Undergrad: 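This is the structure I have questions about; it appears just below.
From a predicted model like this one, the values you see are computed outputs, not experimental measurements. Order of the sequence lines fixes the chain letters, A, B, ..., with proteins taken first and strands second; residue numbering starts at 1 for each chain.
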There are 2 protein chains.
Amino acid sequence: MPKPTLVDVGREAGVSAITVSRALRSPEKVSEALRAKVEIAVKKLGYVPNQSASTLASNKSSSIVVMVPSISNNVFTDVLGGISDALHGSRFNMQIGYTNYDSQEEERILRSFLNPTPSGVIISGLEQTDETRQMLENAGVPVVQIMDISPKPIDMIVGFSHDQAAETATQHLIDSGYKNIGFIGAQMDPRSLKRLAGFKKAISDNGELREQCIAVTNKPSNVRLGATLLDKLTSQFPECDAVFCNNDDLSVGVLFECQRRGIKVPDELGICGFNDLGISSETVPSITSVTTPLREIGRLAAAMVIGEEGAPSTPIVDLSYTISARESTKRV
Amino acid sequence: MPKPTLVDVGREAGVSAITVSRALRSPEKVSEALRAKVEIAVKKLGYVPNQSASTLASNKSSSIVVMVPSISNNVFTDVLGGISDALHGSRFNMQIGYTNYDSQEEERILRSFLNPTPSGVIISGLEQTDETRQMLENAGVPVVQIMDISPKPIDMIVGFSHDQAAETATQHLIDSGYKNIGFIGAQMDPRSLKRLAGFKKAISDNGELREQCIAVTNKPSNVRLGATLLDKLTSQFPECDAVFCNNDDLSVGVLFECQRRGIKVPDELGICGFNDLGISSETVPSITSVTTPLREIGRLAAAMVIGEEGAPSTPIVDLSYTISARESTKRV
DNA sequence: GTGAAAGCGCTAACAA
DNA sequence: TTGTTAGCGCTTTCAC
């Protein structure tokens, strides 16, 4: 028995194929009676729409395009998990593009993903090229930027302020009694630079900012790099008594390096990480981190882009963050 | 200017549309001269094939379907990364299905992914339902099972032996002088059960296996669970002097719990993990683990499924594993 | 609110 | 080896 088509469903329901199509994708354009008949016929025949035919005829696909910098960074697997959750059971599927933190690559990939026109685009960060923004506007699809926040999104945006988060975290270190606070960062993408700016602001507001308190690299982040950067930091800034790390890989690496070198945490060195990826709360001592709503960002972005009920009514959603204060900054 | 179609390219090259189609997808069926002409015309017009039309006409898509148990488990993000690498630049794209460690769910998802017929299927493990195996055979697509090894794959297979890996790791603990070795496991899927079997074999071969040396749960693995299971293990098996952990989340969690309780690693307790996910080598002390070729499994599976040059010529590829011996099992 | 006709761009099957 | 013909299943457009 071949797969039933719209024509088969129409025959079963006593209507034409096009009416079935309408009943399925824009029920409000069809009378109540017909809708019911069609629904029964669909169930009876086990009809499943053919996406290719639909896409070919309309030049619109049912994909939600998701552009993220990296597959291996747990930050984005969390976000993707949230999107996946929200799309589950809907008629949309997700198509993922990995930009490797490169706007040009992002533009290239997106160009290829924009044909046929997807049902929506979720894209990380604010730093799209002019070309990319133009393509997105021309495509006329809903676009949700994620991870960051801005008063002037391309279309919609959901995220939080990295400057503020870093500033609050740094202030937490200051409030905990640390006097000489350093910054450790890897993969210095625009959001990382904002965290650095927030750090600098908090330090400047409470005294003098010295350049030697910053140790950063553009390499991808990992645990070992935390150790390496701590070495760098303590040699250029020996009086350092606390570090704010760009992310949790680094903060964990810093803690391990302290254990190796016999540096007492939190007494001799306070540590604060970023994103709170799950291990920070388990280490000994546990590490203070900035808890960010990664999964929720994904979920909301998906809801906004498909215009689901329950989606926020405003195009700008600032989800904020919380400081999870733990042992690594609890000076006695 | 509208997007060029096969007809446009054909006109430019002075041939028919179908010839262009053939020149593009099976060059060997077309004369050398024509192929060159077509190639020039394609470049000149910037022709890009329309996937939907192709899929609709042939009922075959250019997707490689990848079925994995979980999005959040780093084991699978590594594998996916390998597949993504291998597919990059080819004409194939990947379509990912998350089964949540459930064969019925796997069957359900796969059924929906098999229409239109994909170009290939990569599927985790050996434990497909009969229905699933049947569907896969009927579909007539190349199938590569991954993560495990078996003499009788559905079609092709690339992985390693979990029993042997666990047996070797346990033997390493025995050789390191540990006498009372326990097993800690979470997410006891079939591969985990094989690791447990390998553990039991090594223990039995060297003395007597006692049931109380095993502490497992079916909950998803995480760092905290390592601590919880260590508690369970040491209360039911107080003489325990080493643990083999199902995976690295748990082994890290065990180490942290030892630090909390003042248990000296490796002297009072030896620890060995599984998969070597990157943090094991960084902890203090560093943790011995079984290094498994996750990325390589992904790369090879993709190469095999698309029949790429450079793919192994045999349908069964055992990639093996290595024991990365570190401080956590180096008893003085 | 509903339907008929005309493709979307490609490939299978057959013909030359 | 190359071309012709006839759809794939759906949506668009336009008519009623």
Side-chain angles (χ1 to χ4, degrees), chain A residues 1-39 41-42 45-63 91 93 112 114-119 140, chain B residues 1-39 41-42 45-63 91 93 112 114-119 140:
Chain A
M1 190 154 33
K3 282 195 63 180
T5 69
L6 275 187
V7 175
D8 299 323
V9 178
R11 190 179 308 125
E12 179 73 27
V15 296
S16 70
I18 181 61
T19 303
V20 178
S21 172
R22 282 198 275 251
L24 260 27
R25 39 185 59 249
S26 22
E28 72 282 0
K29 289 185 179 170
V30 148
S31 74
E32 176 64 31
L34 276 195
R35 230 183 49 224
K37 271 200 276 186
V38 166
E39 206 168 302
V42 163
L45 299 184
Y47 169 74
V48 179
N50 181 320
Q51 298 290 1
S52 312
S54 170
T55 302
L56 176 60
S58 64
N59 198 33
K60 278 213 163 242
S61 83
S62 55
S63 294
R91 63 182 198 82
N93 55 284
S112 76
L114 246 32
N115 212 294
T117 309
S119 293
Chain B
M1 191 154 31
K3 280 197 64 182
T5 70
L6 275 189
V7 175
D8 300 323
V9 177
R11 189 180 309 123
E12 179 73 27
V15 297
S16 71
I18 184 66
T19 302
V20 178
S21 172
R22 282 198 274 250
L24 261 26
R25 46 183 52 250
S26 23
E28 72 282 1
K29 290 186 178 169
V30 149
S31 74
E32 176 64 32
L34 277 194
R35 230 183 50 224
K37 270 200 278 186
V38 166
E39 207 169 302
V42 164
L45 300 183
Y47 170 74
V48 178
N50 182 321
Q51 299 289 1
S52 312
S54 170
T55 302
L56 177 60
S58 63
N59 199 32
K60 275 214 166 245
S61 83
S62 54
S63 294
R91 62 183 198 83
N93 55 285
S112 76
L114 246 32
N115 211 293
T117 309
S119 293

Undergrad: Would you say that B:Lys37 contacts B:Glu12 through its side chain, given a criterion of any heavy-atom pair below 4.5 Å between the two side chains?
TA: no

Undergrad: Strictly below 4.0 Å: does B:Ser16 bring a side-chain N or O up to OP1 or OP2 of D:dG3?
TA: yes

Undergrad: With the threshold set at under 4.0 Å for non-hydrogen atoms, list the residues of residues 17-35 of chain B touching DNA chain C in residue-number order.
TA: B:Ile18, B:Ser21, B:Arg25

Undergrad: Tell me the interatomic distance from A:Asp8, atom CG, to D:dC8, atom C1', rounded to whole angstroms.
TA: 13 Å

Undergrad: Taking side chain to side chain contact (heavy atoms under 4.5 Å, CB included) as the criterion, tell me which of B:Leu56, B:Asn50, B:Asn59 meets it with A:Ser52.
TA: B:Leu56

Undergrad: Around atom NZ of B:Lys29, are there more than 12 heavy atoms from other residues, nucleotides or ligands closer than 6.0 Å?
TA: no

Undergrad: Just the rounded figure in Å: distance from P of D:dT11 to CG of A:Asn59.
TA: 13 Å

Undergrad: In whole angstroms, how far is the P atom of D:dA6 from the CG atom of B:Leu56?
TA: 18 Å

Undergrad: Kindly say whether A:Ser112 contributes a backbone atom to a donor-acceptor pair with the side chain of A:Asn115 at under 3.5 angstrom?
TA: no

Undergrad: Bend angle of the helix from C:dG1-D:dC16 to C:dA16-D:dT1 from five-pair axes at both ends, rounded to 10°?
TA: 20°

Undergrad: Consider the side chain of A:Ala57, meaning its heavy atoms from C-beta on, and name the nucleotide among C:dC8, D:dG3, D:dC8 that approaches it most closely.
TA: C:dC8

Undergrad: Indicate yes or no: at least one non-hydrogen side-chain atom of B:Pro27 is less than 4.5 angstrom from one of B:Arg22.
TA: no

Undergrad: With distance as the sole criterion, is a donor-acceptor pair present between the side chains of B:Ser61 and B:Gln51 under 3.5 Å?
TA: no

Undergrad: Kindly point out which of C:dC10, D:dT11, C:dC8 is positioned nearest to the side chain of B:Asn50?
TA: C:dC10

Undergrad: Please table the atom pairs, donor to acceptor, closer than 3.5 Å between any side-chain atom in residues 13-21 of chain A and protein atoms at least two apart or in another chain.
TA:
unit_1	atom_1	unit_2	atom_2	d
A:Ser16	OG	A:Thr19	OG1	3.1

Undergrad: Are B:Pro116 and B:Lys60 close enough that some pair of their side-chain heavy atoms sits under 4.5 Å apart?
TA: no

Undergrad: What is the distance from CZ of B:Arg11 to P of C:dG9, rounded to the nearest Å?
TA: 12 Å

Undergrad: How long is the line joining CG of B:Leu6 and P of D:dA6, in whole Å?
TA: 19 Å

Undergrad: Would the distance check show the side chain of A:Ser26 and the main-chain N or O of A:Glu28 forming a donor-acceptor pair, the cut-off being under 3.5 Å?
TA: no

Undergrad: Specify the separation, in whole Å, of atom CD of A:Gln51 and atom P of D:dC8.
TA: 19 Å

